[in-house]
Protein chains: 2
Amino acid sequence: MADRVQQITAAARELLETEGPDALSMRRIAERVGIRAPSLYKHFPDKGAVEAALQAQGMAQLAQELEAIEAEIGVEPPMPALARAYRQHALANPHLYRITHTRPLARTALPEGLEDRAGMPLVRAAHGDIDIARSLWAFAHGMVVLELDGRFPPGADLDAAWRVGCEAFAHAIHAKSQGDTA
Amino acid sequence: MADRVQQITAAARELLETEGPDALSMRRIAERVGIRAPSLYKHFPDKGAVEAALQAQGMAQLAQELEAIEAEIGVEPPMPALARAYRQHALANPHLYRITHTRPLARTALPEGLEDRAGMPLVRAAHGDIDIARSLWAFAHGMVVLELDGRFPPGADLDAAWRVGCEAFAHAIHAKSQGDTA
DNA sequence: ACTTGACGGCTAACACCGTTAGCCGTATGG
DNA sequence: CCATACGGCTAACGGTGTTAGCCGTCAAGT
């Protein structure tokens, strides 16, 4: 009889990961918890609220994994490692990634500061340049969603695309730092 | 009594653009055409097929707009103008862009060569380097979907993010060309 | 100790969704 | 003249999110 809210989000997450987003229905979630669908509304106002809870989970997990990579590498240039971790997170949790990052973010339901925390590794990689950080984020997100949606041609060399993108941004960061100190 | 298929796709497109993706139901489409929902299945095998027709429309329109920009600019560096056109297309047709580019592409329902045609402007901007073209595409797509989903912070300077991204890729293209001739 | 009220289940139901089965009028071609 | 294909239709199925309303249990207050 642990916290029902937690039980429900756990059931939702398992359902999402094992059977995909179409299986994420209120009735299926309730079934997994052992209650009926209308009872879910005693704990969540609507389906969007349980999806928001999943977004919070996805965001927290991404933040944690990126921070782990930052800690692992030393003074190495962080970009290729960060990019690899970002892509790996998305490929390992495709449905969670999509529900977390490919729809409006339920910011009010998010733990304070979590969104910023998830973004900081990229900001640090960009030496604090917020514009570069945002375009770098867009690049990584774009690569990931295009891959998840099967949008690249079948034989496309995505490692190469990631590499040239990372190099382009690494150069931009380097040039910006030079310009700053000059 | 013009081609019912065309009538249906036109109704679907109007519905999508004016009321958003939730309004794109078989019953609503049929209502707009003046028939009942089951009759749609005399012309399309399922809802996915009419969505595929919309994807074809979205892809063709994007290709045409990018080609128009290419023709308009002369030997100027094409990237900022292409990026502007790409973004403008997405912002002007947000629902069409999403249905066209943020799900698996129904390639079999697409006119022959259209997908390649839509990608060629970016390939040409990348001087034929397919890896740069793909990462550039990911950058543009990422910027666009993050903006459409309201993922950037409220006051974010997206023009600046687009600019630094374009500059980074422009430099990569330039460097690659130098390296090729060297 | 009795009552009250909140909590968290439940069933029934509504309005919608995509889709199928099966019927029927029309219009065309052999 | 007949047959067949075309393109409408109604009825229905199983699914969706969600609401209304009922009821048992359990804790707190008087």
Side-chain angles (χ1 to χ4, degrees), chain A residues 1-57 95-96 98-100 102-106 108-109 149, chain B residues 1-57 95-96 98-100 102-106 108-109 149:
Chain A
M1 65 156 58
D3 196 3
R4 267 284 142 96
V5 169
Q6 188 187 341
Q7 252 183 80
I8 291 167
T9 62
R13 168 136 193 206
E14 289 170 27
L15 211 43
L16 178 68
E17 292 194 342
T18 60
E19 300 192 47
D22 287 352
L24 197 67
S25 77
M26 296 301 264
R27 285 173 175 84
R28 295 292 308 279
I29 295 170
E31 179 190 26
R32 225 163 212 275
V33 176
I35 61 180
R36 303 303 175 111
S39 301
L40 293 175
Y41 292 82
K42 303 287 174 148
H43 307 279
F44 289 88
D46 52 31
K47 188 185 178 186
V50 6
E51 291 172 339
L54 293 182
Q55 282 190 321
Q57 274 195 239
H95 301 306
L96 184 63
R98 246 197 277 258
I99 215 173
T100 305
T102 68
R103 64 178 65 190
L105 184 60
T108 63
D149 286 335
Chain B
M1 65 157 60
D3 197 1
R4 266 285 140 93
V5 170
Q6 189 187 340
Q7 252 183 79
I8 292 167
T9 62
R13 169 138 191 204
E14 290 170 26
L15 211 44
L16 178 68
E17 292 193 342
T18 61
E19 300 192 47
D22 287 352
L24 197 67
S25 78
M26 296 302 264
R27 285 173 174 84
R28 295 292 308 279
I29 295 171
E31 179 189 26
R32 225 164 213 274
V33 176
I35 60 179
R36 305 302 176 110
S39 300
L40 294 175
Y41 292 81
K42 303 287 175 155
H43 307 280
F44 289 87
D46 53 30
K47 187 185 178 187
V50 6
E51 290 172 340
L54 293 182
Q55 281 190 323
Q57 273 195 239
H95 301 305
L96 184 63
R98 246 196 279 258
I99 215 173
T100 304
T102 68
R103 63 179 64 192
L105 185 60
T108 63
D149 287 335

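Side chains are part of it too, since the values below use all heavy atoms of this structure and drop only hydrogens, waters and symmetry mates. Note on naming: letters A, B, ... go to the chains in the order of the sequence lines (proteins, then strands), and numbering restarts at 1 for each one.
- For the segment residues 41-53 of chain B, residues with any heavy atom less than 4.0 angstrom from an atom of DNA chain C are, sorted by number, Tyr41(B), Asp46(B), Lys47(B).
- The side-chain contact (heavy atoms from CB on, under 4.5 Å) check on Arg98(B) picks up Thr102(B), Leu148(B), Asp149(B), with sequence neighbours excluded.
- In the region residues 8-32 of chain A, proximity to DNA chain C at under 4.0 angstrom, judged on heavy atoms, holds for Arg27(A).
- In this structure, CG in Leu96(A) is found 4.5 Å from CZ in Arg13(A), a value given to the nearest 0.5 Å.
- Of all nucleotides in DNA chain C having an atom under 4.0 Å from a heavy atom of chain A, the first and last in 5' to 3' order are dG8(C) to dA13(C).
- Side chain of Gln55(A) to backbone of Ile99(A): a donor-acceptor contact under 3.5 angstrom is found.
- Nearest heavy atom pair, residue Ala53(B) against residue Thr9(B), reads CB-CG2, 3.6 Å.
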List the atom pairs, donor and acceptor, that lie under 3.5 Å between side-chain atoms in residues 33-50 of chain B and the rest of the protein, sequence neighbours left out.
residue, atom, partner, partner atom, Å
Asp46(B), OD1, Gly48(B), N, 3.2
Asp46(B), OD1, Ala49(B), N, 3.0
Lys47(B), NZ, Leu24(B), O, 2.8

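- Between atom CD of residue Glu51(A) and atom CG of residue Leu54(A) there is a gap of 7.5 Å, rounded to the nearest 0.5 Å.
- The stretch residues 19-32 of chain A participates, sequence neighbours left out, in these side-chain hydrogen bond (donor to acceptor under 3.5 Å, both in side chains) pairs: Glu14(A)-Arg32(A), Glu19(A)-Arg28(A), Arg28(A)-Glu31(A).
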